[in-house]
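Below: the structure, in structure tokens.
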Amino acid sequence: MPELPEVETVARGLRAALVGCSIAGVEIRWKRSITTPDPTAFARRLEGQTVADVGRRGKWIAIVLDSSDTLLVHLRMTGQLLLDSGACPDERYTRVLFLLDDGRRLRFSDVRKFGRIVLTTNPDDVLGDLGPEPLADDFTAARFGELLAQRWGRIKPLLLDQRFLAGLGNIYASEALWRASVHPLRQANSLAPDEVQRLHEGIRSVLRAAIAAGGTTLEDAAYQQADGQPGEFSRQLAVYGREGEACPCCGAAIERVKVGQRSTYLCPRCQLLPEEE
DNA sequence: AAAGCACCCTGTACGC
DNA sequence: TGCGTACAGGGTGCTT
């Protein structure tokens, strides 16, 4: 499932491939993939627009157009943005098709139809509620500590809350907690300064490493880079999806538990839960 | 503020 | 083989 590193990888690929290109036409095959405006206005407004830049905020891809419009894309679970030269073997899951003026196509493919596309002149309407970017310079351990100190809930669901911190999903939340040796059920405001420091570093290091590897592609997952290549980070996952396997650090068997209705993976020996919690 | 749950979807895995 | 059902998951919205 695409999280920050996968979305960043896609955005970089699209930036290299799309800037300067114009949209000649739009074909909408699943209307609910478009949040706003309505499909007719969406297609009409996009035709003739040129891509000025491609960026990312949290798990949103922002395709900035040379008018006052921005195309925001959220891949959710199975969304993909793929470039092709005008044909592809399997069109089954194509939900929206952007026809480019040079004959290529940008294809929004999405098996489970959870992904969403927004065309807006005010991206902040969508992005404004997002928490800090974990890799930004001003997201310091001190700032992270201040934010954690205000929260009484469990740390793992908090890391998944996009209003608290933007971009982490189920995979990297588990990985970051393992890197920091912090148990997922810990109360957020109970973390000691050294734990805050480790978790801050765990989050940033796992995201950086995953971006460097082109993201994570799981066996059954849909994520691919814009050129269709799989990400290589799955081999570096320490705990996610590895129930019963040996912890790379201590060798104990990795456990899977439910936290807030989500599967969470941890090492029961490295990530201890203090008795009072 | 925090937690639980239903919902949106479909492919896959499983039990019978 | 073939059916039915549970499950996975990001985000939203509602309720407790």
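Just so it is clear, the structure is predicted and the values come from calculations on it, not from any experiment. Scope of the values below: all heavy atoms of this structure, side chains included, with no hydrogens, waters or symmetry mates. In what follows, chains carry the letters A, B, and so on, assigned in the order in which the sequence lines appear, proteins first and then strands, with residues in each chain numbered from 1.
Between A/Lys258 and B/dC5, a side-chain N or O to OP1/OP2 separation shorter than 4.0 Å is absent. For the pair A/Arg151 and B/dA2, the criterion of a side-chain N or O lying under 4.0 Å from OP1 or OP2 is met. Distances shown here put every side-chain N or O of A/Thr78 at or beyond 4.0 Å from the OP1 or OP2 atom of C/dG9. Between C/dG11 and A/His74, a contact under 4.0 Å exists linking OP1 or OP2 to a side-chain N or O. For the pair A/Arg32 and B/dC9, the criterion of a side-chain N or O lying under 4.0 Å from OP1 or OP2 is met. At C/dG10, none of the side-chain N or O atoms of A/Gln162 fall inside 4.0 Å of OP1 or OP2 (strictly under the cut-off). Residue A/Arg154 places no side-chain N or O under 4.0 Å from the OP1 or OP2 atom of B/dA1. The phosphate of C/dT12 (OP1 or OP2) has no side-chain N or O of A/Arg163 nearer than 4.0 angstrom. Here A/Lys113 reaches the OP1 or OP2 of B/dT10: one of its side-chain N or O atoms lies under 4.0 Å away. Of the side-chain N and O atoms in A/Tyr240, one or more sit less than 4.0 angstrom from OP1 or OP2 of C/dG9. A/Tyr93 has no side-chain polar atom (N or O) that falls below the 4.0 Å cut-off from OP1 or OP2 of B/dC9.
One donor-acceptor pair, N or O on each side, does fall under 3.5 Å between the base of C/dG10 and the side chain of A/Arg262.
Using a 4.0 Å cut-off between charged nitrogen and carboxylate oxygen, A/Arg143 and A/Asp138 do not count as a salt-bridge pair. Contact check on A/Arg57 versus A/Glu133 returns a salt bridge, with a Lys/Arg side-chain nitrogen under 4.0 Å from an Asp/Glu carboxylate oxygen. A salt bridge does not link A/Asp129 with A/Arg163: none of the charged nitrogens is closer than 4.0 Å to a carboxylate oxygen. Note on A/Lys59 versus A/Glu6: no salt bridge recorded, every NZ/NE/NH1/NH2 to OD/OE distance being 4.0 Å or above.
Between A/Arg116 atom CZ and C/dG10 atom C1' the separation is 11 Å, expressed in whole Å. Rounded to an integer number of Å, the gap from CZ of A/Phe114 to P of C/dA8 is 14 Å. Between A/Leu4 atom CG and C/dG11 atom C1' the separation is 16 Å, expressed in whole Å. As rounded to whole Å, 6 Å separates atom C1' of C/dA8 from atom CZ of A/Arg112. Separating the CD1 atom of A/Ile171 from the C1' atom of C/dG10 is a distance of 12 Å, rounded to the nearest angstrom. Atom-to-atom, CG of A/Leu75 to C1' of C/dG11 comes out at 13 Å; the value is rounded to the nearest Å. Computed from coordinates, the A/Asp161 CG to B/dG4 C1' distance equals 15 Å when rounded to whole Å. Straight-line distance from the CG atom of A/Leu160 to the P atom of C/dG11: 8 Å, rounded to whole Å.
The environment of CD in A/Gln197 is sparse: at most 12 heavy-atom neighbours from other residues, nucleotides or ligands sit within 6.0 Å.
Here B/dG11 is the nucleotide among B/dC5, C/dG10, B/dG11 with the atom lying nearest to any side-chain atom of A/Val111. Out of C/dG10, B/dA2, B/dG4, the shortest distance to the side chain of A/Trp152 is found at B/dA2.
Remark: A/Trp178 pairs with no residue by the ring pair (Phe, Tyr, Trp, His ring centres under 6.0 Å) rule, at least two apart or across chains.
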